[in-house]
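Per chain, numbering begins at 1; letters A, B, ... match sequence-line order.
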2 protein chains.
Amino acid sequence: MQEKRRTNIQRSEATRSMLVAAARRLFIAHGYADTSTPDISEEAGVSRGALYHQFADKRALFEAVITSEAEAVAWEIERATPEHNNGNAHLITGAQAYLQAMGKEGRCRLLLVDGPTVLGPAQMRSIDGQSGATTLVNGLREIAPGADIDRLAASADLLSAAFDRAALAIDQGGAKDVYEAAVIELIETVAERLSAD
Amino acid sequence: MQEKRRTNIQRSEATRSMLVAAARRLFIAHGYADTSTPDISEEAGVSRGALYHQFADKRALFEAVITSEAEAVAWEIERATPEHNNGNAHLITGAQAYLQAMGKEGRCRLLLVDGPTVLGPAQMRSIDGQSGATTLVNGLREIAPGADIDRLAASADLLSAAFDRAALAIDQGGAKDVYEAAVIELIETVAERLSAD
DNA sequence: TATAAAAATATACAGGCTGTTTGTATGCAA
DNA sequence: TTGCATACAAACAGCCTGTATATTTTTATA
């Protein structure tokens, strides 16, 4: 019984994905600060040396976890929002898909709590940049074509903060239906106001 | 030239306040994780033993910093919002005061970034409990006396998340007037909708 | 006031963690 | 096949946190 013969690329991809998966589990369970690299490498079944060969440091591994998680959320939202859908309804569908996606175990902690602290708010914005903010601001532009773009971006930012808070509140045990209703009402209210120009 | 003779209570209060002030400076400058207890005790001019005598651990010292900062914000808001002011205008004044207060160097990092990670969202809520959420939900109740209380609380939560995001965005270099205008418009929009019942 | 007890502060220590360095094995290319 | 690059493993150095021990300062009491 001999070892499988693998190409270097396969080896690297295998250990990287093992490490990211293990790190994800432990970061979710104990948080970034209370997860050690010995714990991670053990959980992944590789040596600590392998970890530091594949990733510059613990932060870089965390960044890989966060990026993967943000992509998953973006993809789930994209899948749930048909292109042809227009304005108002489109935003609501997207928000619901976002809340649904953020319901997955640990995502709130990763993306909304630990992420901003470890990577900083600026880098977090750039990571889920396309997904959250841009989509939202485009949705608002569709509703209020005449509005000032900076002002619209600010409103989109505030709205997305409200979505984040709703996701977090639900994650912490808040009533999902209540928060989802509040989010939808908020969107409708803002859309109504914007289209009244 | 001999040391001043002080009572134990004075000694403790002096070192505690030195430690909290030093910790506050370093937590703001480098973040919680990258601030060590040797750094803090040196900056405060006391030994590390004194730190661990006055506070159970590093987290407890951080909690003291956070509590003090949250109290300062609450106090500044209270000072800026006269009691007799009614409904809508009251909320706007409060929000402006909040943004003003959060403009102080490092407060956003402490209260909005590191705080939730180190102490957890739940404890953070309980610390600035009175200030943020309760005031807001009371303001909304005044506007919409008939509305469901849970629903109102959720809306207040989402609004306060928007305020937080605005403060953070301004702190990160965003245009203060734009975000402040967006916040005010958001309040007016929500208030309008609520009072239309 | 003299002295014992208690409180506050200082120092020394024990484990653990991060990132680096050094060494080894495996894949790759000439 | 031979030399090099890549992936991995193990050992090391420095730092940090929290605790245990020792010392100084205050407080209580005789």
Side-chain angles (χ1 to χ4, degrees), chain A residues 1-27 29-66 114 117-120, chain B residues 1-27 29-66 114 117-120:
Chain A
M1 117 163 243
Q2 68 174 16
E3 279 294 327
K4 227 186 307 185
R5 216 180 140 81
R6 294 177 301 174
T7 179
N8 270 350
I9 294 172
Q10 287 173 326
R11 281 216 292 174
S12 284
E13 272 179 8
T15 60
R16 283 180 73 96
S17 83
M18 281 298 181
L19 282 166
V20 169
R24 182 183 175 281
R25 285 193 295 274
L26 296 178
F27 286 151
H30 312 117
Y32 178 82
D34 291 342
T35 300
S36 68
T37 53
D39 289 345
I40 296 171
S41 55
E42 189 187 20
E43 170 94 2
V46 304
S47 79
R48 222 164 68 84
L51 190 162
Y52 275 92
H53 177 73
Q54 297 290 346
F55 298 94
D57 49 18
K58 188 182 163 187
R59 184 186 185 278
L61 174 54
F62 180 76
E63 193 178 328
V65 172
I66 290 292
D114 283 7
T117 300
V118 176
L119 304 180
Chain B
M1 121 164 241
Q2 68 173 20
E3 279 295 326
K4 226 185 306 184
R5 210 180 145 80
R6 293 176 301 174
T7 177
N8 271 349
I9 294 171
Q10 287 173 325
R11 280 216 296 174
S12 285
E13 272 180 7
T15 62
R16 283 181 73 97
S17 84
M18 281 297 178
L19 282 167
V20 168
R24 182 183 175 281
R25 285 193 296 274
L26 296 177
F27 287 152
H30 312 117
Y32 178 83
D34 292 342
T35 301
S36 67
T37 52
D39 289 346
I40 296 171
S41 57
E42 187 186 23
E43 170 94 4
V46 304
S47 79
R48 223 163 66 84
L51 190 162
Y52 276 90
H53 177 72
Q54 297 291 345
F55 298 93
D57 51 18
K58 188 182 164 187
R59 184 185 185 281
L61 174 53
F62 180 75
E63 192 178 330
V65 172
I66 290 292
D114 282 8
T117 300
V118 176
L119 304 180

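Between A/Ser12 and the phosphate of D/dA7, there is a side-chain N or O to OP1/OP2 separation shorter than 4.0 Å. Considering only side-chain N and O atoms, B/Thr15 lies under 4.0 angstrom from the phosphate OP1 or OP2 of C/dT9. Residue B/Thr7 places none of its side-chain N or O atoms closer than 4.0 Å to OP1 or OP2 of D/dT26.
Within the 4.5 Å cutoff, the side chain of A/Phe27 has no heavy atoms near those of the A/Asp114 side chain. Residues B/Phe55 and B/Val20 have side chains in contact (heavy-atom distance under 4.5 Å, counting atoms from C-beta outward).
Each of B/Ile9 and B/Arg59 lies near DNA chain D, and the nucleotide nearest B/Arg59 is the one positioned closer to the 5' end.
The backbone N or O of B/Asp39 lies less than 3.5 Å from a partner atom in the side chain of B/Ser36, making a donor-acceptor pair. In this structure, B/Arg48 contributes its side chain and B/Thr37 its backbone to no donor-acceptor pair below 3.5 Å. No donor-acceptor pair closer than 3.5 Å links the side chain of A/Thr117 to the backbone N or O of B/Thr117.
Here C/dT9 presents its P atom at 12 Å from CD of B/Glu13, a figure rounded to the nearest Å. Rounded to whole Å, the distance from CZ on B/Arg6 to C1' on D/dT26 is 11 Å. Rounded to whole Å, atom P of C/dC17 lies 11 Å from atom CD1 of A/Ile40. Between the CE atom of B/Met18 and the P atom of C/dT9 there is a distance of 12 Å, rounded to whole Å. Taking atom CD of B/Glu42 as the reference point, atom C1' of C/dT9 lies 17 Å away to the nearest angstrom. Protein atom CG of A/Leu19 is 13 Å distant from nucleotide atom P of D/dA7, rounded to whole Å. Here the P atom of nucleotide C/dG19 and the CZ atom of A/Phe62 are 14 Å apart, to the nearest Å. One interatomic measurement links the two molecules: CZ of B/Arg16 to C1' of C/dA7, which rounds to 14 Å at whole-angstrom precision.
Of the candidates A/Asp57, A/Thr15, A/Leu19, A/Leu19 is the only one forming a side chain to side chain contact (heavy atoms under 4.5 Å, CB included) with A/Leu51.
Here B/Thr35 lies in heavy-atom contact (under 4.0 Å) with sugar-phosphate atoms only.
Interatomic distance, A/Arg59 CZ to A/Leu119 CG, rounded to the nearest 0.5 Å: 5.0 Å.
Contacts of residues 46-54 of chain A with DNA chain C (heavy atom under 4.0 Å): A/Arg48, A/Tyr52.
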